[in-house]
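Let me begin by presenting the structure, written as structure tokens, before commenting on it.
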2 protein chains.
Amino acid sequence: MNTDAQNGIDYAMLQSRLGYKLRRAQMVYFDVFFEACAQEGITPGLFSILAIVYHNPGLTQSAVSAALDVDRSAMVAAIDKLEGMEVIERRKSKNDRRSYALYLTKKGKAFTEHLNQKVEAGEQRFDAFMQEGEREWLLDILDRIIEARKGS
Amino acid sequence: MNTDAQNGIDYAMLQSRLGYKLRRAQMVYFDVFFEACAQEGITPGLFSILAIVYHNPGLTQSAVSAALDVDRSAMVAAIDKLEGMEVIERRKSKNDRRSYALYLTKKGKAFTEHLNQKVEAGEQRFDAFMQEGEREWLLDILDRIIEARKGS
DNA sequence: TATTGTTATACTCTATAACTATA
DNA sequence: TATAGTTATAGAGTATAACAATA
């Protein structure tokens, strides 16, 4: 039960842990995500930026970094790269001349939608291992766990 | 639904993704794990080593690195640190003089058990957000996802 | 004074390559 | 020749601190 059949090593103290299994399962999905991104010459972190700007055009760099919980300084190289790929653009803000408003280019919108569909298709592979309704149940219980943190 | 009430930013393309929710939920549990480890002056990575050696005394450094899927070279500093804490010890292997056999010290066993209980207690906080039997079902579905990768 | 974007810097984690001593 | 442990090194990823322009 607690033994991994592949190498005969006993993972007992890790296997029984829900956090450990969540991590392993998340890694399975991350591999799909990473691979889909890699095929399009991007990283998961950069896709996250595109996804945020796609649904929230006009955000500043700082707002995006806050939304993704990374430091402002990390955004500079990231936006530079996305701008180099011509999928995002910095527009000088009118109200506040210190900041840029971020927008996806036409190419960027199509790129983001294409990548999103690709990841979605990749994830669907695992639906075969779930019974009817289990996916919704899983999403629901994960939501409860995520919400549970907030009341800490 | 797809909007985070906290900052008014629309995470739609990420929120709908099962992989993203798995990551968020995993981070909730990881915070508990990390905090419990930090209070004992250790890291999650080092605890994983202790957990493996606890259940598999006598493994070589290379075997542990393979079990945890990290490079051999990363083990050196890690075992150095655990040895410095007097929770693990390298014993010269008799059969193969190139390698060490790893064992927990008496202190190391107690330390590992204590830490394990601490993490377990921390995780139990989230059981309140699950119905009867849901935890077992969740472990089961996560196992199916983890196993699904192998047949890729 | 505070904030935006930026740069320089450092720190962690991990991977690669090369070395030594064994096998 | 291949493997175990080691070392040096380099690459991500991310955080901190400081600066100029602007608020």
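For clarity, every value in this text was computed on a predicted model and none was experimentally measured. The sequence lines fix the lettering, A, B, ..., with proteins before strands; numbering per chain opens at 1.
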Measure across [X] and [Y] and return the closest heavy-atom pair with its distance rounded to 0.1 Å.
X	Y	answer
A:Val28	B:Ile146	CG2-CA, 4.1 Å
B:Asp10	A:His55	O-CB, 3.6 Å
B:Ala25	A:Leu22	O-CD1, 4.1 Å

field: B:Arg90/B:Asp80 salt bridge by N-O under 4.0 Å criterion
entry: yes

Separation of atom [atom1] in [X] from atom [atom2] in [N], rounded to whole Å:
X	N	atom1	atom2	value
A:Arg72	D:dA17	CZ	P	12 Å
A:Glu83	C:dG5	CD	P	12 Å
B:Met75	C:dT16	CE	P	17 Å
A:Met27	C:dT14	CE	P	11 Å

message: My understanding is that only one of B:Glu123, B:Glu113, B:Gln39, B:Glu35 makes a side-chain hydrogen bond (donor to acceptor under 3.5 Å, both in side chains) with B:Lys118; could you say which?
response: B:Gln39

Under the 3.5 angstrom rule, does the side chain of [X] hit a backbone N or O of [Y] as a donor-acceptor pair?
X	Y	result
B:Lys107	B:Met85	yes
B:Arg24	B:Tyr20	no
A:Thr105	A:Glu86	yes

query: Near DNA chain C, which residues from residues 60-67 of chain A have a heavy atom under 4.0 Å away?
result: A:Thr60, A:Gln61, A:Ser62

Return the polar atom pairs (N/O with N/O) between nucleotides 7-15 of chain D and the protein under 3.5 Å, or none.
from, atom 1, to, atom 2, distance (Å)
D:dA15, OP2, A:Asp71, N, 3.4

- prompt: In terms of the angle between their ring planes, are A:Phe34 and A:Phe30 parallel, tilted or perpendicular, with boundaries placed at 30° and 60°?
  reply: tilted

- request: Can you sort out which residues in residues 91-103 of chain A have a heavy atom within less than 4.0 Å of DNA chain D? Ascending by number, please.
  value: A:Asn95, A:Asp96, A:Arg97, A:Arg98

message: Do A:Val53 and A:Leu59 make a side-chain contact, defined as non-hydrogen atoms from C-beta onward lying under 4.5 Å apart?
response: no

task: Report yes if some heavy atom in the side chain of B:Thr43 is under 4.5 Å from a heavy atom in the side chain of B:Cys37; otherwise report no.
output: no

task: Could you name each residue pair satisfying ring-ring contact (aromatic ring centres under 6.0 Å, His included) that touches residues 95-144 of chain B, not counting sequence neighbours?
output: A:Trp137-B:Trp137, B:Tyr29-B:Phe126

Partners meeting salt bridge (Lys or Arg N to Asp or Glu O under 4.0 Å) with B:Glu134 (sequence neighbours left out): A:Arg144

- request: Compute the bend angle of the helix from C:dT1-D:dA23 to C:dA23-D:dT1 from the end axes (five pairs per end), rounded to 10°.
  value: 10°

